[in-house]
Amino acid sequence: MKNKLWLSFIPLSLAIIFCSVGTPAPTEPADGVEPPPTDTFTPPAPQTGYITGNLSYPSEMIPPLRVVAWNVADGSYVYVDTPANQFEYILEVPAGTYYVVAYVLGGDGFPAGLAGGYTQMVPCGLAYGCNDHTLIPVVVEAGVTVIGIDPGDWYGDPAAFPPMP
């Protein structure tokens, strides 16, 4: 009986020992300099933004398109392929300045390679008398979505746009 009684004190003693061990007391900062807090996390600032807009085509249907954001500074690009009759797109791009062009991928009776851009014609309403097919630079800041970038000028010279990647 004494052995059983003695053995019952071992777990109790261990529990007291482990429960009494707490977090160590903070040490005094050296030279009065506070150490930085270790329990906070600041996520990195976003390095990308978004370009979004509506898609169109001068027919009853919208063909499959490749929507490309061309970086004005270095010619790099980001693109998304859309299926037939998709009316919107969104591109995630590094912060920078871009030209946006949509290219027909072909199929469904549409010839590949035709291009429509986000040009001065778009804010002009693509109306008769609007004749400026110059691409509009789109400035994208990190963490920001630029809306209303509609690559709908299908009436200019396709050679005025970069070739489809």
Task: Smallest separation among heavy atoms of Ile62 and Gln86, with atom names - done: CD1-O, 3.7 Å
- [ ] Would you check if Tyr103 and Pro162 make a side-chain contact, meaning some heavy-atom pair closer than 4.5 Å?
- [x] yes
Open item on the list: Would a single hydrophobic cluster contain both Val140 and Tyr118, if residues Ile, Leu, Val, Met, Phe, Trp and Tyr are joined by side-chain heavy-atom contacts under 4.5 Å?
Closed with: yes
Open item on the list: If you apply the rule side-chain contact (heavy atoms from CB on, under 4.5 Å), what do you find for Met164 with Val104, and how did you get there?
Closed with: CA-CA 9 Å; Met164 180 171 63; Val104 176; over 6 Å; no
Open item on the list: Is the shortest side-chain heavy-atom distance between Tyr77 and Val101 below 4.5 Å?
Closed with: no
- [ ] Indicate the atoms forming the closest heavy-atom contact of Leu105 with Ala112, along with that distance.
- [x] O-CB, 3.6 Å
Task: Same apolar cluster: Phe161 and Leu55, side chain cutoff 4.5 Å - done: no
TODO: Establish whether Leu135 and Leu114 are linked, either directly or via other cluster members, by ILVMFWY side-chain heavy-atom contacts under 4.5 Å.
DONE: no
Open item on the list: Between Asn71 and Tyr98, is the side-chain contact (heavy atoms from CB on, under 4.5 Å) condition met? List the steps.
Closed with: CA-CA 5 Å; Asn71 187 301; Tyr98 295 87; 3.7 Å; yes
Open item on the list: Using every non-hydrogen atom in the two residues, find where Met121 and Cys130 come nearest and quote the distance to one decimal.
Closed with: SD-O, 2.7 Å
TODO: Compare all side-chain heavy atoms of Val80 with those of Ile90 and state whether any distance is below 4.5 angstrom.
DONE: no
Task: Flag, side chain of Trp154 to backbone of Ser56, donor-acceptor distance under 3.5 Å - done: yes
Open item on the list: Testing the basics here: between Gly152 and Leu126, what is the closest heavy-atom pair and its distance to 0.1 Å?
Closed with: O-CD1, 3.6 Å
Task: Hydrophobic cluster membership, Val68 vs Leu91, 4.5 Å side-chain cutoff - done: no
- [ ] Could you pull out the closest heavy-atom pair between Pro58 and Tyr155, with the gap in Å?
- [x] CB-OH, 3.5 Å
Open item on the list: Can you tell me how far apart OG1 (Thr52) and CD (Glu92) are? Round to the nearest 0.5 Å.
Closed with: 12.5 Å
Open item on the list: Contact between Asp132 and Cys124 at the side-chain level, heavy atoms closer than 4.5 Å - yes or no?
Closed with: no
Task: Exercise: identify the closest heavy-atom pair between Ala142 and Ala95 - done: N-CB, 3.7 Å
- [ ] Give the intermediate values and the outcome of ring pair (Phe, Tyr, Trp, His ring centres under 6.0 Å) for residues Tyr57 and Phe110.
- [x] CA-CA 11 Å; Tyr57 190 76; Phe110 293 99; 5.3 Å; yes
Task: Passing option when Tyr89 is tested against Ile149, Asp81, Asp150 for side-chain contact (heavy atoms from CB on, under 4.5 Å) - done: Ile149
- [ ] Calculate, to the nearest 0.5 Å, the distance between atoms CD1 and OG1 belonging to Ile51 and Thr145 respectively.
- [x] 10.0 Å
TODO: Please answer whether the main-chain N or O of Tyr79 pairs with a side-chain N or O of Arg66 as donor and acceptor at a distance below 3.5 Å.
DONE: no
Task: Heavy-atom check, side chain of Val122 versus side chain of Ile136, under 4.5 Å - done: no
- [ ] Could you point out which residue of Thr119, Asp157, Asp153 forms a side chain to side chain donor-acceptor pair (under 3.5 Å) with His133?
- [x] Asp153
Open item on the list: Are Trp70 and Val78 linked, directly or through intermediate hydrophobic residues, by side-chain heavy-atom contacts shorter than 4.5 Å (ILVMFWY only)?
Closed with: no
